[in-house]
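Here the structure is laid out as structure tokens; the discussion comes afterwards.
Just so it is clear, the values below take in all heavy atoms, side chains as well, and ignore hydrogens, waters and symmetry mates.
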Amino acid sequence: MTGYWKSKVLPKIKKYFDKGKNKGVSDVCKSFDKSKGSIEKEIEEKHEELKPKVLEIYSSSQEETQKLVKEPTETGVKNRPDLAQNILLELTKIGFPGSRELSDAGTKYGPETLAGPIAFLLLRVSTFVVVPGPPPSTTSRDVAVAPTEEQVVSTEHPREETPESPREETPESPREDTPEVPGEVVPPSDVEESVKI
């Protein structure tokens, strides 16, 4: 009797309750997708107000959390839902647009089920975080030097003719006294005929 209960009845009950959870998650995702435009607009409007608060949260967070904020991906949110939920709670405290809805839904359904919307929001948060690059180097070997006019000329004419070695004339190349018409290509057989004349 217990085998039948565990194999037949219990899975049907779980399936019934999971339908409500999946429906709730899909409703949250749909409503968030509809409000993405207004969230982005609100972020742009409050950019100056939010930047110091976001930087404060970012600087006081752990290294793993900083990595998740710098490079937000759905797999990162699914792998570390606890970090994602903590970030959402902190963003909710400062009033970051869209964070309250996701934080509430994350608490109810779990942040891993809302990986797409959370990754979207963290992507917007990452625009506030300026990643310091390596300091500019002032050593002579790293400094790029602008080419001089002579170097530019020499790169435009890769063939250099020296006065000691005069140019040898071959039957395939046109002679210097033959006028060239721009845009007209003379086949080699015609050149040989013109040389013979």
key: Residues that Pro97 engages under side chain to side chain contact (heavy atoms under 4.5 Å, CB included), provided they are two or more places apart   =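 In terms of side chain to side chain contact (heavy atoms under 4.5 Å, CB included), with neighbours along the sequence ignored, Pro97 is linked to Ile39, Glu42, Ile43, Leu50.
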ask   = What pairs with Glu90 under side chain to side chain contact (heavy atoms under 4.5 Å, CB included), at least two apart in sequence or on another chain?
value =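 So Glu90 forms a side chain to side chain contact (heavy atoms under 4.5 Å, CB included) with Ile57, Lys93.
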request  = Of all the heavy-atom pairs spanning Ser126 and Lys70, show the shortest one and how long it is.
outcome  =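 Here Ser126 and Lys70 meet closest at CB-O, 4.2 Å.
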request  = Check Val77 against Ala115 and note the closest heavy-atom contact, atom names and distance.
outcome  =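 Residues Val77 and Ala115, closest heavy atoms: CG1-CA, 3.9 Å.
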Would you give the length of the straight line joining atom [atom1] of [X] to atom [atom2] of [Y], rounded to the nearest 0.5 angstrom?
{"X": "Gln62", "Y": "Leu68", "atom1": "CD", "atom2": "CG", "answer": "11.5 Å"}
{"X": "Leu121", "Y": "Leu114", "atom1": "CG", "atom2": "CG", "answer": "11.5 Å"}
{"X": "Asn86", "Y": "Leu91", "atom1": "CG", "atom2": "CG", "answer": "11.0 Å"}
{"X": "Ser31", "Y": "Lys36", "atom1": "OG", "atom2": "NZ", "answer": "11.5 Å"}
{"X": "Glu44", "Y": "Glu40", "atom1": "CD", "atom2": "CD", "answer": "7.0 Å"}

side-chain hydrogen bond (donor to acceptor under 3.5 Å, both in side chains) partners for Thr92, two or more places apart =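 Thr92 satisfies side-chain hydrogen bond (donor to acceptor under 3.5 Å, both in side chains) with no other residue.
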request  = Would you indicate whether the side-chain heavy atoms of Lys108 and Asp104 approach each other to under 4.5 Å?
outcome  =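 No, their side chains stay 4.5 Å or more apart.
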query = Is there side-chain contact between Thr107 and Gln85, with at least one heavy-atom pair below 4.5 Å?
reply =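 With C-beta onward as the side chain, the pair touches.
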message = Under the side-chain contact (heavy atoms from CB on, under 4.5 Å) test against Leu88, which residue among Leu122, Leu83, Leu102 passes?
response =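 Of all the options given, the one that passes is Leu102.
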request  = Kindly write out the residues that satisfy salt bridge (charged side-chain N to carboxylate O under 4.0 Å, His left out) with Asp27, not counting sequence neighbours, or none if the list is empty.
outcome  =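 With neighbours one apart ignored, the set is Lys23.
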inquiry  = The criterion is salt bridge (charged side-chain N to carboxylate O under 4.0 Å, His left out); which residues satisfy it with Lys41, sequence neighbours excluded?
reply    =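 Salt bridge (charged side-chain N to carboxylate O under 4.0 Å, His left out) check on Lys41 returns nothing, list empty.
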query = Shared ILVMFWY cluster between Leu123 and Ile87, side chains joined below 4.5 angstrom?
reply =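 Different hydrophobic clusters.
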ask   = So Asp33 and Lys30, salt bridge (charged side-chain N to carboxylate O under 4.0 Å, His left out) or not? Walk me through it.
value = CA-CA 5 Å; Asp33 286 342; Lys30 286 178 186 177; over 6 Å; no
task = Any salt bridge (charged side-chain N to carboxylate O under 4.0 Å, His left out) involving residues 74-83? Give me the pairs, sequence neighbours left out, ordered by first then second residue.
result =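 Found Glu64-Arg80, Arg80-Asp82.
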ask   = Under the side-chain contact (heavy atoms from CB on, under 4.5 Å) criterion, do Lys67 and Glu71 qualify, and how do the steps go?
value = CA-CA 6 Å; Lys67 183 179 178 185; Glu71 301 167 2; 4.1 Å; yes
task = Answer yes if the ring centres of Tyr58 and Phe128 are under 6.0 angstrom apart, and no otherwise.
result =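 Distance test on ring centres: not under 6.0 Å, no.
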